[in-house]
2 protein chains.
Amino acid sequence: MPARIEDVAAHAGVSTKTVSRVLNGYTNVRAKLRARIESSIHALNYVPNPSARGLAGNRSYLVALVYDNPLAGSSYTMELIVGVLQACKGTPYNAVLHPFEATDDLAAQIDGFVAQHRPDALVLVPPHANNARLLQRLDELDIRYSTISSKLRQSHIDVGFDERRAAAEIVEHLVSLGHRRIGHITGLRGHGAHAWRLSGYRDALRRAGIAYDESLVVAGDFTFPSGVEGAKALLNLRRPPTAIFAANDDMACGVMREAHERGLSIPGDLSVCGFDDTPASLVMSPGLTTVRQPCREIGCLAAESVLQSIRDPALRQQARVPYQLRLRESTAAPGKS
Amino acid sequence: MPARIEDVAAHAGVSTKTVSRVLNGYTNVRAKLRARIESSIHALNYVPNPSARGLAGNRSYLVALVYDNPLAGSSYTMELIVGVLQACKGTPYNAVLHPFEATDDLAAQIDGFVAQHRPDALVLVPPHANNARLLQRLDELDIRYSTISSKLRQSHIDVGFDERRAAAEIVEHLVSLGHRRIGHITGLRGHGAHAWRLSGYRDALRRAGIAYDESLVVAGDFTFPSGVEGAKALLNLRRPPTAIFAANDDMACGVMREAHERGLSIPGDLSVCGFDDTPASLVMSPGLTTVRQPCREIGCLAAESVLQSIRDPALRQQARVPYQLRLRESTAAPGKS
DNA sequence: GTCAAATCTACAAGCGCTGTCAACACAAAG
DNA sequence: CTTTGTGTTGACAGCGCTTGTAGATTTGAC
């Protein structure tokens with residue numbers, strides 16, 4: 001039978017109330033007494049019972065990660081999960097996962113989920129992070145939440161990185177190699193990543209004094225097949241691009257596949273770069289030039305902030321974490337094989 | 001304020017205890033009364049409070065997925081998670097994740113985790129599923145658990161698939177294409193997957209009347225770099241193999257990388273096949289021939305069984321789920337380009 | 001030394017549920 | 001008609017914690 005708070009109180013010679021104060025981080029306990037209680041906790045190997053705590057305090061000690069059905073992008077989600085778990089470590093909080101089916105009655109779904117599990121806080125991943133109705137419903141329910149890479153310019157907690165600048169940098173890398181005709185396969189419309197990465201692409205062209213050519217930009221949806229299709233469209237142009245910047249790695253892999261099909265060598269005949277640094281980008285041959293998005297840090301920060309906001313409801317924070325260019329073998333100067 | 005069991009009882013004109021019986025699936029409630037209570041539950045939109053339930057019933061309604069630090073194999077873990085979540089859906093149970101750091105004091109770690117979160121059940125993934133000391137400790141703590149692909153022939157719940165047979169099948173596929181010199185890069189020693197897949201390889205050779213050649217089998221550790229190294233060793237042989245069966249996809253990707261480095265075309269100069277059907281195997285060029293391991297079903301089944309065993313502690317079950325060969329473009333008859 | 005503020009104790013209530021056990025209804029048996 | 005047994009239902013305590021109140025004690029400032 002595990003120790004109870006009562007046992008700790010008796011062991012330390014204090015009231016249970018004071019032990020409770022220590023457990024919950026109240027500051028009005030004298031340092032000396034606090035130390036004594038903490039050593040009793042340690043001696044008895046005491047860990048508070050989460051159910052009892054939750055029941056009495058009307059809390060669940062649960063943070064839910066709300067993400068899209070993970071058919072695609074599993075490594076992205078997985079990394080976020082690792083980050084969220086890291087943030088929960090050492091706290092009484094536990095992470096639970098909630099993959100939302102992408103349906104219309106999202107409000108109903110969130111209501112059901114909240115009713116059942118009563119999470120104290122949510123971390124929302126795109127596309128849900130961009131769903132204004134959802135956020136509004138959460139506000140109504142008075143549930144704290146943070147978002148990841150939300151394109152909504154709202155006054156809530158959000159964590160992301162400067163995707164526009166990162167996209168610009170990777171395109172500038174292509175420019176610096178000598179490329180002038182650079183194709184772009186966009187992400188799925190509606191995602192912030194679609195607009196930001198496209199804007200970055202245009203920023204880089206503008207700064208390099210290269211005219212924006214609409215025909216070099218084709219629509220993708222972040223999937224491998226859409227990368228293949230995008231590559232087909234671009235490579236079928238009368239004057240095909242010498243480099244293609246795909247808005248994510250899966251599509252970049254699609255581009256590489258199509259290039260191989262056509263017998264084009266990479267990077268000799270075509271430079272390819274992606275975005276996200278998924279595991280696949282490392283195992284591709286050649287290795288894929290991409291942007292490392294620090295998913296773990298993002299997940300960790302998003303969870304930490306939202307937990308902090310439980311104590312301090314006024315907290316509003318727009319954190320931007322650093323990204324890194326990963327230059328690998330899929331990009332080189334044009335026209336040399 | 002959400003409805004409480006008391007409200008439901010009042011609405012249905014019964015005692016709270018009877019409502020509780022209905023909620024917990026006790027059979028000794030008359031059908032008519034049960035129906036009335038169920039309609040009251042529905043009418044009031046009642047969902048029991050997990051904390052209260054847990055406190056009163058001395059349960060946590062938590063299933064923990066215990067896996068290795070997810071630096072590698074994130075898609076495998078992710079798929080298992082999806083399966084476990086699926087199994088929890090519609091039950092009062094919730095899934096929590098516990099990535100174990102691979103340290104020596106595993107018993108201490110599990111004790112700490114159990115003390116803090118008090119999960120009702122665990123699902124163990126290799127290599128932890130193979131840790132006899134860990135299982136013993138769980139038995140001592142009287143915590144239900146199930147394992148996934150455990151190589152321990154113990155009397156507990158385990159879910160997996162016939163890896164040996166699957167490995168044999170994929171090697172037979174190579175044989176049927178005309179390959180006689182087939183290399184194998186093994187997995188990490190200690191994992192069941194190491195032994196089973198190697199055994200399958202040998203089974204296939206034996207059945208094809210091909211002598212087992214030790215020099216064609218090199219040790220890997222399931223990582224991409226070890227695949228590269230393994231490929232180097234095999235391709236440097238005086239008589240290199242015409243096909244390589246890597247014990248997982250990551251290593252197969254490493255083989256493809258090395259082949260590309262050497263200017264060997266796949267499958268023209270070298271056939272490659274992997275195992276697991278990770279997302280990368282689909283985006284590789286050419287697509288990788290591999291074995292689909294039904295991770296979701298496995299995770300789901302493992303969680304379902306262990307939840308069932310909470311009610312029925314006598315439950316022992318060794319489930320084998322079906323696998324599928326995925327024949328893609330990385331394998332072909334030898335010697336034709 | 002005095003007084004207010006800060007700290008601490010004791011105790012009770014109660015969070016929402018389930019377990020225990022007793023009560024009850026109803027059928028079959030005597 | 002009573003007795004016994006079986007199945008169904010209810011009353012109530014209590015799970016382990018937090019919160020609140022009222023009062024005791026200590027502390028530090030003056």
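Remember, predicted model here, so these are calculated numbers, not experimental data. To find a chain, count down the sequence lines: A is the first, B the second, and so on, and within it residues start at 1.
- Taking 4.0 angstrom as the limit, B/S20 places a side-chain polar atom (N or O) nearer than this to OP1 or OP2 of C/dT18.
- Going from atom CG of A/D120 over to atom P of D/dT18 covers 14 Å, rounded to whole Å.
- Residues passing the salt bridge (charged side-chain N to carboxylate O under 4.0 Å, His left out) test with A/D142, sequence neighbours excluded: A/R144.
- A sub-4.0 Å separation between OP1 or OP2 of D/dT8 and a side-chain N or O of B/R30 is absent.
- A close approach under 4.0 Å does not occur between any side-chain nitrogen or oxygen of A/Y26 and OP1 or OP2 of C/dA6.
- At whole-Å resolution of the value, NZ in A/K32 and C1' in C/dA6 are 17 Å apart.
- Between the CG atom of A/N28 and the P atom of D/dG20 there is a distance of 13 Å, given to the nearest Å.
- Following rounding to the nearest Å, A/R59 (CZ) and D/dT18 (P) show an atom-to-atom distance of 8 Å.
- Between B/R320 and B/D158, at least one side-chain N (NZ, or NE/NH1/NH2) sits under 4.0 Å from a carboxylate O, which counts as a salt bridge.
- Rounded to the nearest 0.5 Å, atoms CG (B/L65) and CG (A/L97) are 10.0 Å apart.
- When rounded to the nearest whole Å, the span between CG of B/L23 and P of C/dG16 equals 15 Å.
- Distance, B/L55 CG to C/dT18 C1': 10 Å, rounded to whole Å.
- Separation of the A/H156 and A/Y145 ring centroids falls under the 6.0 Å cut-off.
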What pairs of donor and acceptor atoms, side-chain ones from residues 43-54 of chain A against any protein atom, are under 3.5 angstrom apart with sequence neighbours left out?
from	atom 1	to	atom 2	distance (Å)
A/N49	OD1	A/S51	N	2.8
A/N49	OD1	A/A52	N	3.1
A/R53	NH2	A/N24	OD1	3.3

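- The shortest distance between the side-chain N/O atoms of A/R53 and the OP1/OP2 oxygens of D/dT19 is not below 4.0 Å.
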If you restrict it to nitrogen or oxygen atoms, what contacts under 3.5 Å exist between nucleotides 10-14 of chain D and the protein, and what is each distance?
from	atom 1	to	atom 2	distance (Å)
D/dG10	OP2	B/S15	N	2.9
D/dG10	OP2	B/S15	OG	3.0
D/dG10	OP2	B/T18	OG1	2.6
D/dG10	O6	B/R21	NH2	2.7

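- Put simply, A/Y61 has no side-chain N or O that comes within less than 4.0 Å of OP1 or OP2 on D/dT18.
- The closest donor-acceptor contact from the side chain of A/S149 to the backbone of A/P126 lies at 3.5 Å or more, if one exists at all.
- The CD1 atom of A/I5 sits 14 Å away from the P atom of C/dA10 (whole-angstrom rounding).
- Nucleotide C/dG16 holds its C1' atom 6 Å from the CG atom of B/N49, rounded to whole Å.
- For the atom pair A/H11 NE2 and A/R36 CZ, the distance stands at 10.5 Å (nearest 0.5 Å).
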